[in-house]
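Notes follow once the structure below has been shown.
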Amino acid sequence: MGRFGRHSAVISSDDVRNFCVLEHYYSVPYNAIAEKIKAKMSLEEFQEMWEDAFNAVVKDFDMKLAKLWDDMLKKIQKDGFHVEAGQSGGLTTAEILTSYVEFGYEDVSCIKHSFNSLYEMANSNSEALRRLIKKFDKQTGMMTQSVRMLPRLYGASFTIGQEYLASIMDSLDLLLVDADDDDLSIGSTKSIASNNDTTAQMADELEWLRDNASKEMTKEDLESIVAHRGFHNNNDQIHNRPLENTLSSFEQIWTAGISLCECDIAMTRDGKIVMAHDETFERLALIEGSDINAKSVSDLTLRELLSLNLKSGNRPPLLIDCLRSAVTIGDHAKLVIEVKPGNKEIVNPLVQLFQKHEVMLNHVAVVMSFDAIVIQRVKAQFKEAFSEPFSGPRDRRSLGVRSGNSLMQMRAMYRSSQRLLQTNQVIEEGKADVYRKPEVKNRRKYIESVSYALGDLAFGNEAPDLPYFLLLTQVAPSDKFYSVSVKDLSPLFDVVRKYDIDGVYIEYEPEMLDPNYQQSIIELSEFCKVGVW
């Protein structure tokens, strides 16, 4: 089976079989047709098989898309949406999406999953049909079928509809962020630990942390050391330290003067990004045996999350809660965010959160994942949103969703102009990576010209620097993750180039202290960003 054949098979079997998309999606029988082409099938047979597949994709796509809108319209009509007197009954897509989110349906994230699944299948099927044409023409040595079939393919609903579906998903992400994040300051942050022994132990541990940070650590240590899931007890005990991935675990690190806290994120069913390492909260929950504890995080709603008490007595914090703490504590307070393998659905909401709360992006040092495809997608979407002029969700205005219009576009231009005045300078041996501004003789003149181009608007703070986007690796051999040892780091050079990422976060090995292997780490750090976990 060719590489595209494997990809197509995975798409059809896995991506559309998530927890809320239960329907079967038609998938072009790419491998079956490709094998017949290889066996030198006739022109008539190829045309018939290709036409059958093409017509099946058109029918399936049109039917599924219409059903999605039908389901949403029927639901909002049933629950009280009525057209006001004097207005026409033809609702825009923006009005339907906004109403659906404002009604607070718990399946709104499932609707987004359905749009995403339809997009993935349209993209996969379009590419499969294109590749089959190319393969047949290559076999015959002529471009006859390309000339005949490609215009139909490029004009088909499932091909031109992909950009439309992408804009729908972007709009849903914006609406979901707008719905709750600004006003969310819910839930207790007070620990249930109260007896004298426990209080004394917690005080001793906190004093030990602050003494080490102030007396034993250098400035470079404070900026380079990463607190894994914050300041916590590895055995999930709360008698002496906070629980992992909680506000207290991060805040105690940051207020001690240490800059970086690693965290794990997941997305709830209704699109909220929450701090969570495991698939469920069973390990950390206060009350054992609860149905909510056993639910996958991706199946929980925000309302259920707020009712879930951890062993510390707190609820699991949202990512935005932790970022607000970082902003309040100071410029040095930053997160190192891990995105779990396969979690493509979280990418758009993550980008949209920082588009709305741009200042918070200054408090993210690294985004990383064991999944090369995921981290590649994360970096690409962050670059599109924050680096390119007129960036942002695709064609939101065509859906009638407010996006700031010209002001948003001018801010994007301003961000890009500021980034031209920055250079990425790597400190030796990859121990620290910082953005520094070079000395530019005509800097004032350049900024004035940019301000003039933007209508002399003053925007306050400069645009945020993007975090580094790193691939996590491990030492032990694995079929799922990249495995690499310090004894041979050479494969990582190609990996960084292939996926256009900023660097790697490699697993620690005792051999790293061996002078015979240190040179290879230095060479890698001169090529890209390097972290060690």
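Note that the structure is a prediction, hence the values are computed from the model and not measured.
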Exercise for review: Could you give me the CA-CA distance, side-chain angles and deciding distance for Leu470 and Lys529, then say whether side-chain contact (heavy atoms from CB on, under 4.5 Å) is met?
Suggested key: CA-CA 8 Å; Leu470 308 182; Lys529 310 296 179 290; 3.9 Å; yes
Non-hydrogen side-chain atoms of [X] and [Y] separated by less than 4.5 Å:
{"X": "Ile265", "Y": "Val274", "result": "no"}
{"X": "Ile33", "Y": "Trp50", "result": "no"}
{"X": "Tyr30", "Y": "Lys135", "result": "yes"}
{"X": "Leu43", "Y": "Gln145", "result": "yes"}
{"X": "Asn293", "Y": "Leu308", "result": "yes"}
{"X": "Cys322", "Y": "Met275", "result": "yes"}
{"X": "Ile337", "Y": "Leu319", "result": "yes"}
{"X": "Ser483", "Y": "Thr473", "result": "no"}

Would the distance check show the side chain of [X] and the main-chain N or O of [Y] forming a donor-acceptor pair, the cut-off being under 3.5 Å?
{"X": "Thr140", "Y": "Phe136", "value": "yes"}
{"X": "Glu279", "Y": "Ser296", "value": "no"}
{"X": "Asp137", "Y": "Ser146", "value": "yes"}
{"X": "Asp502", "Y": "Phe469", "value": "yes"}

Give a yes or no on whether a salt bridge exists between [X] and [Y], defined as a side-chain N under 4.0 angstrom from a carboxylate O.
{"X": "Arg497", "Y": "Asp494", "answer": "yes"}
{"X": "Arg315", "Y": "Asp321", "answer": "yes"}
{"X": "Lys75", "Y": "Asp71", "answer": "no"}
{"X": "Arg283", "Y": "Asp278", "answer": "yes"}

**Study point:** Of Val57, Thr159, Leu153, the residue whose pairing with Asn125 passes side-chain contact (heavy atoms from CB on, under 4.5 Å)
**Key:**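 Result: among Val57, Thr159, Leu153, Val57 is the only option passing the side-chain contact (heavy atoms from CB on, under 4.5 Å) with Asn125.
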Exercise for review: Please say which of Leu361, Leu323, Asn348, Leu318 ends up in a side-chain contact (heavy atoms from CB on, under 4.5 Å) with Leu353.
Suggested key: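 Only one option passes, and that is Leu323.
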Check your understanding: Should the pair Phe158 and Phe61 be assigned to parallel (<30°), tilted (30 to 60°) or perpendicular (>60°) ring geometry?
Key ->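 Taking Phe61 first and then Phe158, their aromatic rings stand perpendicular (interplane angle over 60°).
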Review point. For the residue pair Phe527 and Phe493, does the interplanar ring angle fall in the parallel (under 30°), tilted (30 to 60°) or perpendicular (over 60°) class?
Key: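 Judged by the thresholds at 30° and 60°, the geometry between Phe527 and Phe493 is tilted.
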Point to revise | Leu165 vs Leu65, side-chain contact (heavy atoms from CB on, under 4.5 Å): CA-CA, chis, key distance, verdict | key: CA-CA 9 Å; Leu165 289 172; Leu65 182 59; 3.9 Å; yes
Nearest heavy-atom pair of [X] and [Y]: which atoms, and what distance?
{"X": "Glu345", "Y": "Met267", "result": "O-CE, 3.6 Å"}
{"X": "Glu507", "Y": "Trp533", "result": "N-NE1, 3.3 Å"}
{"X": "Leu132", "Y": "Ile37", "result": "O-CD1, 3.7 Å"}
{"X": "Gly342", "Y": "Val374", "result": "N-CG2, 3.7 Å"}
{"X": "Asp270", "Y": "Thr301", "result": "OD1-CA, 3.6 Å"}
{"X": "Pro349", "Y": "Ile346", "result": "CD-O, 3.3 Å"}

How about [atom1] on [X], more than 12 heavy atoms from neighbouring residues, nucleotides or ligands closer than 6.0 Å, or not?
{"X": "Lys379", "atom1": "NZ", "value": "yes"}
{"X": "Glu51", "atom1": "CD", "value": "yes"}
{"X": "Asp291", "atom1": "CG", "value": "no"}

Check your understanding: When you measure from the centre of the six-membered ring of Phe54, is the NZ or CZ of Arg152 under 6.0 Å away and within 45° of the axis?
Key ->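 Judged by the rule, Arg152 and Phe54 form a cation-pi pair.
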Check your understanding: Is the charged tip of Lys340 near the ring of Phe370: under 6.0 Å from the six-membered ring centre and within 45° of its axis?
Key ->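 Lys340 over Phe370 ring: no.
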When rounded to the nearest 0.5 angstrom, what distance separates [atom1] in [X] from [atom2] in [Y]?
{"X": "Phe481", "Y": "Ser369", "atom1": "CZ", "atom2": "OG", "value": "8.0 Å"}
{"X": "Leu472", "Y": "Met368", "atom1": "CG", "atom2": "CE", "value": "4.5 Å"}
{"X": "Leu335", "Y": "Glu262", "atom1": "CG", "atom2": "CD", "value": "9.5 Å"}
{"X": "Ile168", "Y": "Leu97", "atom1": "CD1", "atom2": "CG", "value": "5.0 Å"}

Review point. Step by step, would you call Arg130 with Glu127 a salt bridge (Lys or Arg N to Asp or Glu O under 4.0 Å)?
Key: CA-CA 5 Å; Arg130 185 193 69 81; Glu127 183 65 6; 2.7 Å; yes
Practice item. Give a yes-or-no answer on whether the side chains of Asn362 and Asp465 include a donor-acceptor pair shorter than 3.5 Å. Key: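 Looking only at side-chain atoms, Asp465 and Asn362 do not form any donor-acceptor pair under 3.5 Å.
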Practice item. Tell me yes or no: between the side chains of Gln162 and Asn123, is some donor less than 3.5 Å from an acceptor? Key: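 Yes, Asn123 and Gln162 have a side-chain donor paired with an acceptor closer than 3.5 Å.
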Point to revise | Derivation of the side-chain contact (heavy atoms from CB on, under 4.5 Å) call for Thr280 and Val297 | key: CA-CA 5 Å; Thr280 72; Val297 177; 5.7 Å; no
Exercise for review: Dump the intermediate steps for side-chain contact (heavy atoms from CB on, under 4.5 Å) on Phe382 and Val347, then the final yes or no.
Suggested key: CA-CA 9 Å; Phe382 267 89; Val347 178; 6.0 Å; no
